[in-house]
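Only heavy atoms go into these numbers, but all of them, side chains included; no hydrogens, no water, no symmetry mates. Because the structure is predicted, anything quoted here is derived from the model rather than measured.
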Amino acid sequence: MKVQIFHSPASPFVRKVLVSAHEKGVYNQIEKLPSKAWPVKRDPNIVKENPSGKVPTALLDDDTPLFDSRVICAYIDTLSNSLSLYPENLKDRFSAMTLEALADSILDAALLCRYESVLRPQEYYWALWHDSQMEKVDSGLDDLENRWLKFLQGPVSIGSIATACTLAYLDFRFPDKDWRSNHNQLDSWFADFSKRPSMQATQPE
């Protein structure tokens, strides 16, 4: 069964889907569709399947659309019988899903920072908005370091995949942001996780 995915090579949410597919051993079932996803001018090909026009948007064999990344990752997890990215134990499963939500919230704030800095005309730049979003990034990183490290150090889950893709995005788009100095244990975990073949195979362009 093939899963077509509207793809943007720099999207951390797309990367989360691709890393999940690698970890599940089903990457060969993913077909990446070209797209022109953009927060201002939406790609009509995506909008036809997903009114938000965002990536990732997936199409199943019968053209059923799936979105957003959380839904697509949950579907990918069903494509093989290998170890699930969603732990069987209910407490751990909801911990993994909450960790994914935390990582996604950090990404959402980081993307808004980037849009404010790169896309908005300079005369309309709102420093307070940018800084307020970055505060969300920082408080999320603090939570990862102080509350979630033990869970991250356990078996690979959708939560650890989402966290790794989030930290990688910060390095990719915010190279001057020194998030490591105050999050030494998170940095150490991320360095190890980044060596996984799934992460190496999905480096953003």
Side-chain angles (χ1 to χ4, degrees), residues 1-35 37 43 45-108 111 140 144 148 150-169 189-190 192-204:
M1 176 181 291
K2 281 286 186 183
V3 180
Q4 296 180 307
I5 295 178
F6 286 102
H7 167 263
S8 176
S11 166
F13 291 109
V14 170
R15 188 180 190 188
K16 181 174 67 164
V17 170
L18 299 181
V19 171
S20 297
H22 274 285
E23 292 289 343
K24 290 292 294 186
V26 297
Y27 185 76
N28 62 341
Q29 297 181 45
I30 303 297
E31 179 184 350
K32 292 186 285 188
L33 300 177
S35 68
D43 184 334
N45 293 316
I46 305 176
V47 172
K48 185 173 66 173
E49 310 298 344
N50 175 0
S52 75
K54 293 180 179 180
V55 293
T57 293
L59 294 175
L60 306 185
D61 282 346
D62 62 358
D63 291 331
T64 298
L66 295 181
F67 51 85
D68 59 7
S69 64
R70 277 179 262 193
V71 175
I72 300 171
C73 287
Y75 180 79
I76 283 174
D77 193 61
T78 70
L79 296 181
S80 81
N81 292 323
S82 61
L83 186 65
S84 177
L85 302 177
Y86 301 81
E88 183 176 351
N89 176 276
L90 279 179
K91 181 179 179 181
D92 289 343
R93 183 187 309 174
F94 282 100
S95 290
M97 293 166 67
T98 300
L99 179 56
E100 179 187 18
L102 171 60
D104 284 359
S105 72
I106 297 171
L107 271 182
D108 286 337
L111 284 165
L144 289 173
W148 289 99
K150 184 176 179 180
F151 192 88
L152 285 169
Q153 292 168 340
V156 174
S157 72
I158 191 60
S160 56
I161 290 172
T163 299
C165 291
T166 293
L167 298 177
Y169 182 77
W189 171 82
F190 177 57
D192 287 339
F193 198 93
S194 296
K195 297 174 185 176
R196 297 185 69 84
S198 61
M199 293 292 289
Q200 293 292 314
T202 56
Q203 293 277 3

**Message:** Has Y86 got a side-chain atom pairing as donor or acceptor with A74's backbone, closer than 3.5 angstrom?
**Reply:** yes

**Asked** Hey, are the side chains of F13 and D108 touching, using non-hydrogen atoms and a 4.5 Å cut-off?
**Response** yes

**Request:** Could you tell me which non-hydrogen atom of S84 sits nearest to which non-hydrogen atom of D77, and how far apart they are?
**Result:** OG-OD2, 2.6 Å

**Message:** Checking side-chain contact (heavy atoms from CB on, under 4.5 Å) between E49 and each of T57, D63, L66, which is the one that passes?
**Reply:** T57

**Asked** Taking the side chain from R15 and the backbone from T202, do they hold a donor-acceptor pair closer than 3.5 Å?
**Response** yes

**Prompt:** Ignoring hydrogens and geometry, is there a side-chain-to-backbone donor-acceptor pair from S80 to K24 under 3.5 Å?
**Reply:** yes

**Asked** Under 6.0 Å from the CD atom of Q200, do we count more than 12 heavy atoms belonging to anything else shown?
**Response** yes

**Asked** P34 and F6: which non-hydrogen atoms are nearest, and at how many Å?
**Response** O-CD2, 3.9 Å

**Message:** If I take atom CD1 from residue I106 and atom OG1 from residue T163, how far apart are they, to the nearest 0.5 angstrom?
**Reply:** 7.0 Å

**Prompt:** Would a 4.5 Å heavy-atom cut-off, applied to side chains only, mark T98 and S95 as touching?
**Reply:** no

**Message:** If you define the side chain from C-beta out and look only at heavy atoms, does anything of M97 sit under 4.5 Å from R70?
**Reply:** no

**Prompt:** Can you check whether I161 reaches V156 side chain to side chain, under 4.5 Å on heavy atoms?
**Reply:** yes

**Complete:** dist L18:CG -> C165:SG (nearest 0.5 Å) comes out at 8.5 Å

**Prompt:** For the atom pair CZ (R93) and OG (S157), what is the distance rounded to the nearest 0.5 Å?
**Reply:** 12.5 Å

**Message:** L85 vs S20, test: side-chain contact (heavy atoms from CB on, under 4.5 Å). Steps then yes/no.
**Reply:** CA-CA 8 Å; L85 302 177; S20 297; 3.7 Å; yes

**Fill in**
To the nearest 0.5 Å, atom OG of S35 lies from atom CD1 of I46 at 4.0 Å

**Complete:** One should read off an interatomic distance between K16 NZ and I158 CD1, to the nearest 0.5 angstrom, of 5.5 Å

**Asked** Between S11 and S8, is there a donor-acceptor pair closer than 3.5 Å when you use the side chain of the first and the backbone of the second?
**Response** no

**Message:** Using a 3.5 Å distance criterion without hydrogens, assess whether the side chain of T166 forms a donor-acceptor pair with backbone atoms of L107.
**Reply:** no

**Fill in**
Here the gap from D192 atom CG to M199 atom CE, rounded to the nearest 0.5 Å, amounts to 12.0 Å

**Prompt:** Do the side chain of W189 and the main chain of L152 share a donor and acceptor less than 3.5 angstrom apart?
**Reply:** yes

**Message:** With heavy-atom distances below 4.5 Å as the criterion, would you say the side chains of S69 and D104 are in contact?
**Reply:** yes

**Asked** For atom CG of N89, is the number of surrounding heavy atoms from other residues, nucleotides or ligands below 6.0 Å larger than 12?
**Response** yes

**Prompt:** Hey, does the side chain of T64 reach the backbone of L60 with a donor-acceptor pair shorter than 3.5 angstrom?
**Reply:** no

**Message:** Counting C-beta onward and ignoring hydrogens, is there a side-chain heavy-atom pair between F67 and P51 closer than 4.5 Å?
**Reply:** yes

**Fill in**
Minimal heavy-atom distance between I30 and A21, with the atoms involved, is CG1-CB, 3.9 Å

**Fill in**
Closest non-hydrogen contact found for I5 with P56 is CG2-CB, 3.9 Å

**Complete:** Taking every heavy atom of F193 against every heavy atom of A164, the minimum-distance pair comes out as CD2-CB, 3.4 Å

**Prompt:** Are any of the side-chain nitrogens in D68 or K54 under 4.0 Å away from the carboxylate oxygens of its partner?
**Reply:** no

**Message:** Strictly below 4.0 Å, N to O, side chains only: are K2 and D61 in salt-bridge contact?
**Reply:** no

**Message:** Quick check: do L59 and V3 have side-chain heavy atoms less than 4.5 Å from each other?
**Reply:** no

**Request:** Quick one: do L99 and L144 satisfy side-chain contact (heavy atoms from CB on, under 4.5 Å)? Show the steps, please.
**Result:** CA-CA 8 Å; L99 179 56; L144 289 173; 3.5 Å; yes

**Request:** Return yes if some donor-acceptor pair links the side-chain N/O of S194 with the main-chain N/O of F190 below 3.5 Å, else return no.
**Result:** yes

**Prompt:** Closest approach of A10 and P204, non-hydrogen atoms and distance?
**Reply:** CA-CB, 4.3 Å

